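In what follows, a structure is listed as structure tokens, so that the remarks can point back to it.
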Amino acid sequence: MTLNNNNKVESIMTKNVATVSPNQTVQEAAQLMSQKNVGALPVVENGQVKGIITDRDITLRTTTQGKNASSTPVSQVMTTNIVTGTTDMSIEEAANVMAQHQIRRLPIVENNQLRGIVALGDIATNHAYDEAAEQALTNISEPSQPQA
């Protein structure tokens, strides 16, 4: 790998990403999260990212609403207005996007197909990018403005 590629998001992203489809149940998504020890899963249909479901989505949009996790499809509780990155963006760019949008995970796409995912922890464990990760975490941790 050339030195030039070491600062690309592709060098730190998780490539074999566990995913769910929009028609799978919330219970299936939660079980997969438990098996893989992850807090979020991209929701993918025909290789394209349609959304993301997080453990927080399950708690707030299923459990607190009294929905049945074994019969509720992921499509009803997933976050759909997701932000994605590209394989050729730099790690700093990814950190900036994550900070700007207050997100901890950034699905990486190429030609409209999911290629991987970068978590804030991936950036934080790369010591060359401590400052970018710290800035992203500071922005993510700030409470967003309450919606009227």
Side-chain angles (χ1 to χ4, degrees), residues 1-64 67-141 144:
M1 183 177 285
T2 65
L3 185 59
N4 193 21
N5 282 341
N6 286 340
N7 72 341
K8 297 294 184 190
V9 76
E10 190 172 31
S11 70
I12 63 166
M13 72 182 187
T14 300
K15 294 180 177 80
N16 295 325
V17 182
T19 64
V20 290
S21 68
N23 60 348
Q24 283 184 271
T25 67
V26 171
Q27 182 177 14
E28 289 173 311
Q31 288 170 339
L32 186 56
M33 285 181 194
S34 178
Q35 289 168 7
K36 301 293 183 180
N37 195 27
V38 296
L41 296 169
V43 182
V44 176
E45 193 170 48
N46 299 322
Q48 294 185 348
V49 180
K50 300 296 183 183
I52 194 163
I53 186 166
T54 66
D55 45 12
R56 184 171 168 83
D57 292 331
I58 292 170
T59 299
L60 296 180
R61 298 180 185 156
T62 307
T63 309
T64 62
K67 293 182 179 176
N68 184 337
S70 64
S71 63
T72 302
V74 166
S75 60
Q76 286 187 12
V77 299
M78 70 184 186
T79 299
T80 55
N81 56 339
I82 63 161
V83 177
T84 59
T86 59
T87 54
D88 63 346
M89 74 189 322
S90 72
I91 295 169
E92 294 96 335
E93 287 173 306
N96 288 336
V97 167
M98 294 167 83
Q100 179 183 355
H101 295 279
Q102 295 187 318
I103 56 175
R104 296 175 185 267
R105 300 164 192 94
L106 185 66
I108 304 299
V109 296
E110 184 177 58
N111 298 324
N112 243 3
Q113 301 286 299
L114 180 67
R115 293 292 179 237
I117 194 164
V118 171
L120 187 57
D122 297 328
I123 296 171
T125 58
N126 188 323
H127 295 299
Y129 299 99
D130 282 347
E131 190 175 320
E134 183 180 333
Q135 185 60 47
L137 183 58
T138 298
N139 289 348
I140 291 166
S141 298
S144 57

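Since we're looking at a predicted model, the values are computed, not measured.
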[X] side, atom [atom1]; [Y] side, atom [atom2] - distance, nearest 0.5 Å:
| X | Y | atom1 | atom2 | value |
| --- | --- | --- | --- | --- |
| Arg104 | Leu120 | CZ | CG | 6.5 Å |
| Met33 | Thr54 | CE | OG1 | 6.0 Å |
| Leu114 | Ile108 | CG | CD1 | 9.0 Å |
| Asn111 | Thr86 | CG | OG1 | 11.0 Å |
| Thr63 | Asp57 | OG1 | CG | 11.0 Å |
| Gln35 | Gln31 | CD | CD | 7.0 Å |

- Item | Test item: Ser34 side-chain N/O and Ala30 main-chain N/O as donor-acceptor pair under 3.5 Å | no
- Taking the side chain from Lys8 and the backbone from Asp88, do they hold a donor-acceptor pair closer than 3.5 Å? yes
- Item | For Ile58, the option from Thr64, Ile53, Thr72, Val74 that meets side-chain contact (heavy atoms from CB on, under 4.5 Å) | Ile53
- Passing option when Met89 is tested against Leu106, Asn96, Val118 for side-chain contact (heavy atoms from CB on, under 4.5 Å):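 Option passing the side-chain contact (heavy atoms from CB on, under 4.5 Å) with Met89: Leu106.
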Minimum-distance pair of heavy atoms, taken over all atoms of [X] and [Y]:
| X | Y | answer |
| --- | --- | --- |
| Ser11 | Ile91 | OG-CD1, 4.1 Å |
| Val77 | Lys67 | CG1-NZ, 4.3 Å |
| Leu41 | Val20 | CD1-CG1, 3.7 Å |
| Ile82 | Pro107 | CD1-CG, 4.5 Å |
| Arg105 | Met98 | N-CE, 3.8 Å |
| Pro42 | Ile117 | CG-CD1, 4.1 Å |

- Message: Counting only heavy atoms from other residues, nucleotides and ligands, does the tally under 6.0 Å from CG of Asn37 exceed 12?
- Response: no
- Message: Can a side-chain donor-acceptor contact be found between Thr79 and Arg61 if the only test is distance below 3.5 angstrom?
- Response: yes
- Task: Using side-chain hydrogen bond (donor to acceptor under 3.5 Å, both in side chains) as the criterion, list what pairs up with Glu110, not counting sequence neighbours.
- Result: Thr87, Arg115
- Report yes if the side chains of Ser75 and Val43 come closer than 4.5 Å at any heavy-atom pair, otherwise no. no
- Task: Report yes if some heavy atom in the side chain of Ser70 is under 4.5 Å from a heavy atom in the side chain of Thr25; otherwise report no.
- Result: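 A side-chain contact under 4.5 Å is absent here.
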- Residues two or more places apart in sequence or in another chain: which of them pass side-chain contact (heavy atoms from CB on, under 4.5 Å) with Lys36? Ala18, Leu32, Val38
- Message: Run the side-chain contact (heavy atoms from CB on, under 4.5 Å) test against Ser21 and tell me which residues pass, sequence neighbours left out.
- Response: Asn23, Gln24
